[in-house]
Student: 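Right, I'll just put the structure down here and ask away after.
Letters go in sequence order (proteins before strands), and every chain restarts at 1.
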Protein chains: 2
Amino acid sequence: MEQDTKSLIIDIATSLFQLKGYMGVGLTEIIKTCNISKGSFYHHFPNGKEELLIACLQSISDAITGDIKDFFERYPTAEEATKKMIEKLVDNFEREGTIAAYTFTSIVSEMGALSESVRNTCSALYIRMQEIYSAKLEADGFSKEAAASTALMMTATIEGGIILCLTQKVSDPLKIMSHELPKLLKKI
Amino acid sequence: MEQDTKSLIIDIATSLFQLKGYMGVGLTEIIKTCNISKGSFYHHFPNGKEELLIACLQSISDAITGDIKDFFERYPTAEEATKKMIEKLVDNFEREGTIAAYTFTSIVSEMGALSESVRNTCSALYIRMQEIYSAKLEADGFSKEAAASTALMMTATIEGGIILCLTQKVSDPLKIMSHELPKLLKKI
DNA sequence: GTCTATATAAAGATAGAC
DNA sequence: GTCTATCTTTATATAGAC
């Protein structure tokens with residue numbers, strides 16, 4: 001089955017941004033990898049590279065929240081779901097040397113100060129993630145407020161853990177998170 | 001007292017990188033803000049922009065670890081020191097809209113995949129921070145292993161909290177960290 | 001140690017034929 | 001919807017006078 005040009009561009013660009021960051025990848029490299037011309041590219045993205053970036057961020061965002069939802073539906077408690085989810089991140093990192101969620105962290109760090117729409121897109125993803133965590137924690141018996149605070153802690157800790165793994169090129173940080181985080185997820 | 005050109009460049013560049021990221025700031029902008037010429041710049045940094053970046057990272061690294069050490073010497077327990085430290089981050093963010101430690105996160109996200117020496121410099125800072133936390137936790141009575149794990153959690157959580165604050169342009173995430181983190185720092 | 005002037009490459013974007 | 005050719009601006013970096 002043939003993929004249409006627009007989604008081809010999004011897929012290729014997403015993985016290139018993941019590898020080298022937004023500014024680290026030129027349009028020329030993107031269209032070369034896609035085997036298309038500049039004319040074709042600007043037909044699909046009249047507002048250029050930043051429009052493409054937003055499309056990529058939305059595509060990754062859907063993939064990530066889809067993944068998270070799967071885990072939080074499959075396992076009975078937030079604690080178990082979180083453990084399994086982090087195990088998958090570790091697995092991914094050890095096999096491919098990268099983590100999809102990291103692209104977000106990376107790009108909001110790089111572009112958040114320069115582009116409001118990029119910052120908003122990234123902000124929306126963090127909120128979507130927290131909402132999934134929070135709902136499960138409430139189902140586990142947490143109060144609304146406690147669930148929200150804890151969901152925020154989870155998001156921050158996992159994001160931070162991913163950064164440490166990528167920076168130090170080892171998977172230990174996330175592994176340690178996976179047995180430290182549950183301490184916060186037990187209802188007291 | 002006159003500042004020598006080299007440290008002037010480092011100071012100016014540091015704050016520009018902080019505002020717009022490494023790739024977001026051109027050499028031309030740096031030298032213009034410094035009121036110097038390209039010739040002068042390359043005299044001090046023969047290997048160009050990346051050499052300057054490393055110098056900036058080292059300078060921020062010293063400032064950050066100095067700050068952290070102050071807190072962890074002044075307050076009797078890791079729990080108190082951490083609380084005060086995060087309060088200062090919040091304060092800084094609310095007054096200036098930025099956080100020094102964020103520059104690191106931002107730059108390692110942007111450049112870590114492209115430059116080994118940048119990645120190594122950032123990795124070294126994270127380790128220095130963890131060592132300070134870890135030493136204090138051991139003094140509080142934690143075992144060597146528990147102290148190391150907890151120090152890692154602190155680092156990740158604070159980094160993640162900073163990212164969330166910057167991405168969402170609100171200080172709530174760090175505020176919540178400051179009363180959630182202590183749960184991890186109490187000896188059981 | 002600082003300057004001006006220049007080199008060279010690459011970036012993002014556009015025009016207009018097909 | 002895709003192409004080639006071109007435009008404009010910007011990037012980092014260098015040469016050589018003072």
Student: Using the test side chain to side chain donor-acceptor pair (under 3.5 Å), find all partners of B/Ser15 that sit at least two apart in sequence or belong to another chain.
Tutor: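 Counting only residues at least two positions away or on another chain, B/Ser15 forms no side chain to side chain donor-acceptor pair (under 3.5 Å).
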Student: Got a sec, which residues hit side chain to side chain contact (heavy atoms under 4.5 Å, CB included) with B/Ala135, two or more places apart in sequence or on another chain?
Tutor: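 So B/Ala135 forms no side chain to side chain contact (heavy atoms under 4.5 Å, CB included) with any residue.
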Student: Sort and list the pairs that fulfil side-chain hydrogen bond (donor to acceptor under 3.5 Å, both in side chains) and have at least one residue in residues 72-84 of chain B, not counting sequence neighbours.
Tutor: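 Passing the test, one end in residues 72-84 of chain B: B/Glu79-B/Lys186.
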Student: Round to a whole Å and report the spacing from CG of B/Asn47 to C1' of D/dT14.
Tutor: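 That distance rounds to 14 Å.
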Student: Hey, can you pull the residues of residues 20-35 of chain B with a non-hydrogen atom under 4.0 angstrom from DNA chain C?
Tutor: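 Output list: empty, so none.
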Student: Please lay out, stage by stage, how A/Leu57 and A/Phe104 fare under the test side chain to side chain contact (heavy atoms under 4.5 Å, CB included).
Tutor: CA-CA 7 Å; A/Leu57 289 177; A/Phe104 256 82; 4.0 Å; yes
Student: Side chains of A/Ser117 and A/Asn120: do they bring a donor and an acceptor to under 3.5 Å?
Tutor: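 Their side chains do not contain a donor-acceptor pair, so the 3.5 Å distance test is not met.
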Student: Please find the earliest and latest nucleotides of DNA chain C, in the 5' to 3' direction, that have an atom within less than 4.0 Å of any heavy atom of chain A.
Tutor: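 From 5' to 3', the first and last contacting nucleotides are C/dA11 to C/dT14.
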Student: Run the side chain to side chain donor-acceptor pair (under 3.5 Å) test against B/Thr103 and tell me which residues pass, sequence neighbours left out.
Tutor: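 B/Thr103 satisfies side chain to side chain donor-acceptor pair (under 3.5 Å) with B/Gln18 only.
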Student: Could you list, one pair per line, each protein nitrogen or oxygen that sits under 3.5 Å from a nitrogen or oxygen of nucleotides 4-6 of chain D, together with the distance?
Tutor:
none

Student: Tell me which pairs pass ring pair (Phe, Tyr, Trp, His ring centres under 6.0 Å) where either residue lies in residues 23-46 of chain A, with sequence neighbours left out.
Tutor: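 Passing the test, one end in residues 23-46 of chain A: A/Phe41-A/Phe45.
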Student: Just by distance, no angles: are the side chains of B/Ser59 and B/Asp62 close enough, under 3.5 Å, to form a donor-acceptor pair?
Tutor: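 Distance-only check fails for B/Ser59 and B/Asp62.
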Student: Should B/Val118 and B/Ile127 be regarded as members of a common hydrophobic cluster, given that ILVMFWY residues are connected when their side-chain heavy atoms come within less than 4.5 Å of each other, either directly or indirectly?
Tutor: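 Different clusters.
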Student: Only counting residues at least two apart or in another chain, list the ones meeting side chain to side chain contact (heavy atoms under 4.5 Å, CB included) with A/Thr33.
Tutor: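 Residues passing side chain to side chain contact (heavy atoms under 4.5 Å, CB included) with A/Thr33: A/Ile12, A/Leu16, A/Glu29.
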Student: Sequence neighbours excluded, which residues qualify as side chain to side chain donor-acceptor pair (under 3.5 Å) partners of B/Asp70?
Tutor: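 Once residues adjacent in sequence are excluded, B/Asp70 has no partner under the side chain to side chain donor-acceptor pair (under 3.5 Å) criterion.
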Student: Does any residue of residues 6-17 of chain A have a heavy atom under 4.0 Å from DNA chain C, and if so, which ones, in number order?
Tutor: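 Nothing qualifies; none.
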Student: Can you list the residues that meet the side chain to side chain donor-acceptor pair (under 3.5 Å) rule with A/Lys88, with sequence neighbours excluded?
Tutor: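 Per chain and number, A/Lys88 pairs via side chain to side chain donor-acceptor pair (under 3.5 Å) with A/Asp67.
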